[in-house]
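Worksheet for the structure shown next.
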2 protein chains.
Amino acid sequence: MTVTATDAVVAAAETAVADQEPARLARCRGPVLHPRPTGRDQYTISEVAEHTGLSAHTLRWYERIGLMPHVDRTHTGQRRFSNRDLDWLDLVTKLRLTGMPVADMVRYAELVREGEHTFAEREELLTAHRADVRERIAELQDTLRVLDYKIDAYADARRASEGV
Amino acid sequence: MTVTATDAVVAAAETAVADQEPARLARCRGPVLHPRPTGRDQYTISEVAEHTGLSAHTLRWYERIGLMPHVDRTHTGQRRFSNRDLDWLDLVTKLRLTGMPVADMVRYAELVREGEHTFAEREELLTAHRADVRERIAELQDTLRVLDYKIDAYADARRASEGV
DNA sequence: CGCTTGCTTGGAGTGCACTCCAAGTCTCTA
DNA sequence: TAGAGACTTGGAGTGCACTCCAAGCAAGCG
């Protein structure tokens, strides 16, 4: 497989998001547990597992079902993940945490592999998922109100019985 | 099974949340699709399925695994759900939508059956779940930012190619 | 009375997303 | 160079939350 100009453009687009993300979101999180070592572009499967929190099993399974772009191999066939692979896994992990079905992520991965002419469909897919995510946030906040109410009720009951 | 004073108190506490909820949350939703008919306290399983969006299979299964309080039966053994059952199902549905495992909901149902002395543990259980929900909202909002960024990028690409 | 439709049960089946296994190969450290 | 430990594969197994099935009972209608 050769790397075409189109591939490069797509890859750049794909990578840009992950690249700019840590900076934007840094304030939301504590220190990253397993910072990516700088100046390296080769990771064993267990290093990637450690870094992403996915199991090595899951990483192999992702590759089997077409959710990973082709991962480099050593001359003896062992996987060597690149920083770009890690970027991709960061995105996949985010989408997974927001409940996107694996089948949809595989579809998205296919579109990415197919090149630039799938931009429109990718945008559609992500837009649909964004609507989902927004709905789910609303549901969660809905439930949060109920939880607050009930927890308050139980706390009141506790205080009343302790205070007597 | 007799209804004790404790049961009544607990039931009132359980019901209160569901009762006050539609009013509070009405602004967030369109018209309710299947409003509960007034002046009725007897529903067949298919009516409840229609109302809650759960399947009749699922309702029977909820009862089997102890997620429903005992449901009344006709003299021939058919289920007749009460308004209180519907209130309970509303809560269960909310908790389920926010990803509470069924096992945890069953545990909560048990605590409710056991009476007032389990208030503290119920509060704990709900508080733990609330923390979960908050974390998940944060995750979703995190991903929302990434989605916005990527969708924008694709939209820009589309506009650029159309505008040339 | 027969027909249709709805309800009952325990148990089996489904789909998703992993998760593990067995048997063999490779890499690293002493 | 020997041994520990990490890596490989296809396929089987797991856990969750339903989802359906078969066989039978019950209610309402023409």
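Each chain gets a letter, A, B and so on, in the order its sequence line appears, and its residues count up from 1.
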For [Y], is there an ion pair with [X] - N to carboxylate O distance below 4.0 angstrom?
| X | Y | answer |
| --- | --- | --- |
| A:R159 | A:D156 | yes |
| A:R79 | A:D72 | no |
| B:R73 | B:E63 | yes |
| A:R107 | A:E121 | yes |

Counting the atoms with a prime plus P, OP1 and OP2 as sugar-phosphate, which does B:S46 contact under 4.0 Å by heavy atoms, base, sugar-phosphate, or nothing?
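Sugar-phosphate contact only.
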Within the structure shown, what part of the strands sits under 4.0 Å from B:T44 by heavy-atom distance: base, sugar-phosphate, or nothing?
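It contacts sugar-phosphate atoms only.
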Can you check whether B:E47 reaches B:T44 side chain to side chain, under 4.5 Å on heavy atoms?
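A side-chain contact exists here, since the closest heavy-atom pair is under 4.5 Å.
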Student check: side-chain heavy atoms of A:L126 and A:Y108 closer than 4.5 Å
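Side chain of A:L126 against side chain of A:Y108, heavy atoms only: contact under 4.5 Å found.
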Mind running a 4.0 Å heavy-atom check of residues 56-67 of chain B against DNA chain C and sending the residues that fall below it, in number order?
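Correct list: B:R60, B:R64.
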Please check if any side-chain donor atom of A:D85 sits under 3.5 Å from a side-chain acceptor atom of A:S82, or the reverse.
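Checked: A:D85/A:S82 side chains pair up, N/O donor to acceptor below 3.5 Å.
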Test your reading of the model: is there a side-chain donor-acceptor pair from A:D41 to the backbone of A:N83, 3.5 Å cut-off?
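Here the side-chain-to-backbone pair exists.
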Decide whether A:L111 and A:I65 are clustered together by the hydrophobic rule: side chain heavy atoms of Ile, Leu, Val, Met, Phe, Trp, Tyr closer than 4.5 Å, transitively.
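Linked within one cluster.
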Going by the side chain to side chain contact (heavy atoms under 4.5 Å, CB included) test, name the single residue among A:V133, A:I137, A:T98 that passes it with B:Q141.
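One option only clears the test, and that one is A:I137.
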Go along nucleotides 24-30 of chain C 5' to 3' and tag each nucleotide: B for a protein heavy atom under 4.0 Å from its base, S when only backbone or sugar atoms are that close, - otherwise.
--SS---
What is the 5' to 3' range of DNA chain D, first to last nucleotide, that sits under 4.0 Å from any heavy atom of chain B?
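With heavy atoms of chain B under 4.0 Å away, the range is D:dA17 to D:dA27.
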